[in-house]
There are 2 protein chains.
Amino acid sequence: MQDKIHEELEFTLDPKSGVPFYKQIILQIEMAIADKRLNQGDQLPTVRGLAVDLQVNPNTVARAYSELEIRGIVNTQQGTGTFISDKKIKLTEVERERILAELVRGFVSKASSYGFSLAEIRTYLEDLEKDKEE
Amino acid sequence: MQDKIHEELEFTLDPKSGVPFYKQIILQIEMAIADKRLNQGDQLPTVRGLAVDLQVNPNTVARAYSELEIRGIVNTQQGTGTFISDKKIKLTEVERERILAELVRGFVSKASSYGFSLAEIRTYLEDLEKDKEE
DNA sequence: TATATTGTATTAAGACATTAGTACAATAGT
DNA sequence: ACTATTGTACTAATGTCTTAATACAATATA
């Protein structure tokens, strides 16, 4: 048993968005991790619990958790629950670098096609960092 | 009529990748733009020509071009061809900012969920820039 | 060792995505 | 005008995605 479930997560689904339910769940968990509302060891809502809240089939929640598990972002244990994993002990620096490179590559190629330069993107990120500090 | 078609583009398709043909075409064009192998005004291979080269139906190439056209990345004219568009005269600064923000938002939230910090991502981009200069 | 709680597996329905076949339409250049 | 060259529309076949129904399995804990 680890930490308690964060009640303040407040997941919601938008059926009109065209984004599949399970992807919306993944995105909201990613966001919560980025915002530090979810941290290592935190328990996610249970598959069943979240399914009831969101009024979807448990499989839909399970699929979201399953994708996050494949990525190493959560750990799941039957009978126990699903928890934000402690990635630091699982990924080597080489693996981290490879994943980041892959993420960045896809992002940069898309941004470039819109006419954004590498420098422009970096500057934008710098501004984002400054905003966070304030 | 504008510039000649770049012969050195060398598009290829990997049927085993699981990525749809039309998406592979889009990605390779985005890459070529990022690498400056394609620049404003350049003509892309014709729908039919590329279809023959890649051994796919013309509609598959047309679909790739069509998506790029919707994004404002290429301009298409029947009887004439498809060309890399001059985005600078079409997008306002506000629109540019909005698009970049949207791209970055998705990317950062995903990267964060893998445990990458904003600072780490920015540093990685800086290194990329330095590599390009060399 | 019950039994409640947690996640998992299988299947099927419906919608959507992907591609090819074929025919059509607009423009350029003679 | 003619004709070659360019992109486009329509349709059908096939596969994939998304979700739900339902039943199953592992763990925790009383």
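Chain letters run A, B, ... following the sequence lines, proteins first, then strands; residues in each count from 1. Basis for what follows: all heavy atoms, side chains included, without hydrogens, waters or symmetry-related copies.
With distances taken from any side-chain atom of B/Val47 to the nucleotides C/dT18, D/dA20, D/dG7, the minimum falls on D/dG7. Distances from the side chain of B/Thr46 to the nucleotides D/dA20, D/dT6, C/dA20 place D/dT6 closest.
Rounded to whole Å, the distance from CG on A/Asn75 to C1' on D/dT27 is 16 Å. If you take CG of A/Asn57 and P of D/dT22, they are 10 Å apart, rounded to a whole angstrom. Atom CZ in B/Arg48 sits roughly 13 Å away from atom C1' in D/dA9 (whole-Å rounding). Regarding A/Glu69, its CD atom lies at a distance of 17 Å from the P atom of C/dT6, rounded to whole Å. The CG-P distance, from A/Asn59 to C/dT11, rounds to 13 Å in whole Å. Rounded to whole angstrom, the span from the CD atom of B/Gln78 across to the P atom of D/dT6 amounts to 12 Å. The interatomic distance linking A/Gln55 (CD) with D/dA20 (C1') rounds to 14 Å, in whole Å. Nucleotide C/dT27 holds its C1' atom 12 Å from the CZ atom of B/Phe83, rounded to whole Å.
Taking 4.0 angstrom as the limit, B/Thr80 places a side-chain polar atom (N or O) nearer than this to OP1 or OP2 of C/dA28. Taking 4.0 angstrom as the limit, B/Thr76 places none of its side-chain polar atoms (N or O) nearer than this to OP1 or OP2 of D/dT6. The side chain of A/Lys23 places no N or O atom within less than 4.0 Å of a non-bridging phosphate oxygen (OP1 or OP2) of D/dC17.
Between A/Arg98 and A/Thr92 the shortest side-chain heavy-atom distance does not fall below 4.5 Å.
Between the side chains of A/Ser112 and B/Glu30, no donor-acceptor pair is found at a separation under 3.5 Å.
Two residues, B/Tyr65 and A/Glu67, neighbour DNA chain D, and the one matched to the more 5' nucleotide by heavy-atom proximity is B/Tyr65. With the nearest nucleotide of DNA chain C identified for both B/Pro58 and B/Arg63, B/Arg63 has the one nearer the 5' end.
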A/Lys130 and A/Glu126: CA distance, side-chain angles, deciding distance, salt bridge (Lys or Arg N to Asp or Glu O under 4.0 Å) verdict:
CA-CA 6 Å; A/Lys130 283 175 196 153; A/Glu126 282 171 4; 5.1 Å; no
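Between B/Arg96 and A/Glu120 a salt bridge is recorded (basic side-chain N to carboxylate O distance below 4.0 Å). By the 4.0 Å N-to-carboxylate-O rule, A/Asp14 lies too far from A/Lys16 to be salt-bridged with it.
Residue A/Thr82 is classed as a sugar-phosphate contact, given heavy-atom separations below 4.0 Å to backbone atoms only.
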